[in-house]
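Note sheet for the following structure.
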Amino acid sequence: MDGIVAGVLGWMGTVGTFAAYVLLWRGRLMATSLTYAAMNTVGGVLAGTAGALYGAWPVVASNVIWASVGVHTLLATIRARRRQPIAL
């Protein structure tokens, strides 16, 4: 059962991060969008979790870094938006 769960999580994470890149490449998302950062964060967490369930520690490490970059981008984008003046 763990193998099925790991497989589903891994594929969801892979598809999510790949979809984020394709949407960015096609101009549907911006690199500073919350959606792009969230897709990368969630994708990294899911793929990292799958790697941990499989015991694939290099996969876990790379996806923890990937998810951390996504979290950093989310926080930086939110902070930058809060600093922008409100247009009346």
Side-chain angles (χ1 to χ4, degrees):
M1 183 66 125
D2 283 343
I4 293 171
V5 171
V8 169
L9 291 174
W11 279 110
M12 287 174 56
T14 298
V15 168
T17 53
F18 183 72
Y21 175 74
V22 169
L23 290 169
L24 177 71
W25 177 63
R26 306 264 313 174
R28 304 264 182 184
L29 291 177
M30 294 179 59
T32 56
S33 74
L34 291 175
T35 302
Y36 180 71
M39 289 177 76
N40 278 301
T41 302
V42 171
V45 168
L46 292 175
T49 301
L53 291 172
Y54 280 126
W57 302 112
V59 171
V60 174
S62 66
N63 280 289
V64 165
I65 293 168
W66 191 262
S68 298
V69 170
V71 168
H72 178 269
T73 303
L74 278 169
L75 295 174
T77 301
I78 290 168
R79 275 189 236 117
R81 289 183 181 185
R82 285 185 181 161
R83 285 192 294 259
Q84 291 178 350
I86 299 172
L88 298 175

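All values below come from the heavy atoms of this structure, side chains included, with hydrogens, waters and symmetry mates left out.
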Taking every non-hydrogen atom, the tightest pair across [X] and [Y]:
{"X": "Tyr21", "Y": "Tyr36", "value": "N-CE1, 4.2 Å"}
{"X": "Val59", "Y": "Gly51", "value": "CG1-CA, 4.1 Å"}
{"X": "Ala6", "Y": "Leu53", "value": "CB-CB, 3.7 Å"}
{"X": "Ala37", "Y": "Gly70", "value": "CB-O, 3.8 Å"}

### Query
Quick one: does Thr41's side chain have a donor or acceptor within less than 3.5 Å of a partner on Val71's backbone?
yes
### Message
Hydrophobic cluster membership, with links at side-chain heavy-atom distances under 4.5 Å among I/L/V/M/F/W/Y: are Val5 and Val42 in one?
### Response
yes
### Query
So do the side chains of Thr73 and Asn40 get within less than 4.5 Å of each other, counting heavy atoms only?
no
### Neighbour count above 12 (heavy atom, 6.0 Å) for Tyr54 OH
yes
### Query
If you draw a 6.0 Å radius around CH2 in Trp25, do more than 12 non-hydrogen atoms from other residues or ligands fall strictly inside?
no
### Query
Say you draw a straight line from CZ of Arg82 to OG1 of Thr77; how long is it, rounded to the nearest 0.5 Å?
12.0 Å
### Message
Rounded at 0.5 Å granularity, tell me how far CE in Met12 sits from OG1 in Thr49.
### Response
10.5 Å
### Message
Among Val8, Thr17, Leu9, Asn63, which residue satisfies the side chain to side chain contact (heavy atoms under 4.5 Å, CB included) criterion with Leu46?
### Response
Leu9
## Note on the structure
From the list Leu34, Leu24, Leu29, side chain to side chain contact (heavy atoms under 4.5 Å, CB included) partner of Met39 resolves to Leu29
